[in-house]
2 protein chains.
Amino acid sequence: MHDCRRPVWLVHPEWMSACDTCIVRNRAICAGLEHPEITALSTMGRRRSVSAGEPLIWEDDDSLLVANVIEGVLKLTTSTADGREQIVGVAYPSDFIGRPFGQTSAASVVALTDARVCVFARNDFDRFAREHPELEHKLLERTLAELDRTRAWMMLLGRKSAPEKIATFLLDMSERLADNGCMAHIGPARQFTLPFSRQQVADLLGLTIETVSRQFTRLKADGVVALPSRRDVEILDRGALEMLAG
Amino acid sequence: MHDCRRPVWLVHPEWMSACDTCIVRNRAICAGLEHPEITALSTMGRRRSVSAGEPLIWEDDDSLLVANVIEGVLKLTTSTADGREQIVGVAYPSDFIGRPFGQTSAASVVALTDARVCVFARNDFDRFAREHPELEHKLLERTLAELDRTRAWMMLLGRKSAPEKIATFLLDMSERLADNGCMAHIGPARQFTLPFSRQQVADLLGLTIETVSRQFTRLKADGVVALPSRRDVEILDRGALEMLAG
DNA sequence: GTTGTAGATTGATTTCGGTCAAGGACTGTC
DNA sequence: GACAGTCCTTGACCGAAATCAATCTACAAC
């Protein structure tokens, strides 16, 4: 079931049946595209499943495709020659993936969970976008928002300590993984399931897996969070987390 | 004298006299705007000088203005409550500053050198942009390119060691500060003047001023660079720098 | 049940870069 | 020239996080 809070702006026909009210409403609000145009774009797209751990795009690939996330979570990463990895972005449902108007993609894209995406040939998409200013406008707004998020993350990577990084990460996750019902806007989640392994959290925060583990253990010991299983988090003391986040 | 290699896509009338061939050529290539449209936009803009160290936008300001850099270099920074600072972007001539279509700007903007910018009221700019798809398209391309650069920098902040950070920084500077004649495309600069103090280099790389200083001293001792003055750098062994950059 | 395995935790140790502190080198003013 | 101020460098020391090295846990296959 997709998350209806997110604006649906590039829709695959199959979505139409999923939650009609949602789609129709969001199409009007967010995409600014009339129905025939949506259909035109949708027919160019190919729906694809990506299972957890499977790559969708390789770093330095000729950037031949772009995609829209329908379901699941994917990571964008860059790596050094000697194998160090940094997660530079995370794509959630309705997020856009890939690099239009460019030659190569700077990041690899790998699914963190089983995911479904709607894939477009980059050339087709570029052409379609240039002919539909409303679509480009939406893409611009989203790219600007992503740039803001990325810059906030630079502060975390460059200037925050390990405890601050972990606290910030958990608060961020609790906002982005809030699992609300269709159309409902309620606050950040108190408990959620991480789409990341410990190693991936480390790659996101610029830490090692051991440091991540130790910080989690510490938060648990201090009663700030509960960790019912490897991937599950329950926030017990949000105030404490906010203090720690710096 | 502005740097004519960069595409000039938002031009103030005064530029017209600076390097007519350049402007005309770049206008045609890059902006996709016809002359009357450029004039319309230009009349909305107000030219402003910002001296080194002077702020242009404050973090968390209501984002009331956007701007185009005419001359000089500016830094975009975010800060924590306790005063730690991270430079999250650097704006060079022809770069765009500010956050269209958003409520607040996430970063402060401060001039690193004496600078001249062309300032637009955000509302005016937003309206104008929405009416000129070609302008939005250019803005989208630039924002995507900036996002790529920012993500590459995340790898540096999260995963590189101090020597790697410094080497990467110097190579990056040598590319961006290449001072070529009008229209000429020659390679990266062998010597250049940094627009940053040591503290600012530290804020850019997520290091302390002492570590930056020590790494510079080391590169000098190893004969990789010469440092004729505080702000001047001459690259003696580019290969060594590239090895060190990781 | 046993075994195997990938992921996570924990502990011991090291190291890189931060912190603290002192001194040096430009720059400008008088 | 003396001085003041700012920025930079250098040294001594410390500490947070990385590294190295065992386990431990959850879970799947048999």
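Chain letters run A, B, ... following the sequence lines, proteins first and then strands; every chain starts at 1. The shown structure was predicted, so the numbers you read here are calculated from the model rather than taken from an experiment.
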S.K.: Are B:Arg198 and B:Phe216 in a cation-pi contact, defined as NZ or CZ under 6.0 Å from the six-membered ring centre and within 45° of the axis?
M.R.: yes
S.K.: Quick one: how far along DNA chain D does chain B reach, first to last nucleotide 5' to 3', anything under 4.0 Å to a heavy atom?
M.R.: D:dC7 to D:dA12
S.K.: Looking at every non-hydrogen atom in both residues, tell me the closest pair between A:Leu241 and A:Leu219 and how far apart they are.
M.R.: CD2-CD1, 4.2 Å
S.K.: Side chains of A:Ser79 and B:Arg159: do they bring a donor and an acceptor to under 3.5 Å?
M.R.: no
S.K.: Can you tell me how far apart CZ (A:Arg99) and CG (A:Leu76) are? Round to the nearest 0.5 Å.
M.R.: 12.5 Å
S.K.: Can you check each nucleotide of nucleotides 5-18 of chain C against protein heavy atoms at under 4.0 Å and return B for base, S for sugar-phosphate only, - for none, in 5' to 3' order?
M.R.: --BSBBBB----SS
S.K.: Can you name the closest pair of heavy atoms from A:Ala202 and A:Thr208 and give their distance?
M.R.: CB-C, 3.6 Å
S.K.: Do B:Asp232 and B:Thr193 have side-chain atoms, one donor and one acceptor, less than 3.5 Å apart?
M.R.: yes
S.K.: Answer yes when A:Asp222 and A:Lys220 have at least one side-chain N-carboxylate O distance shorter than 4.0 Å, and no when they do not.
M.R.: no
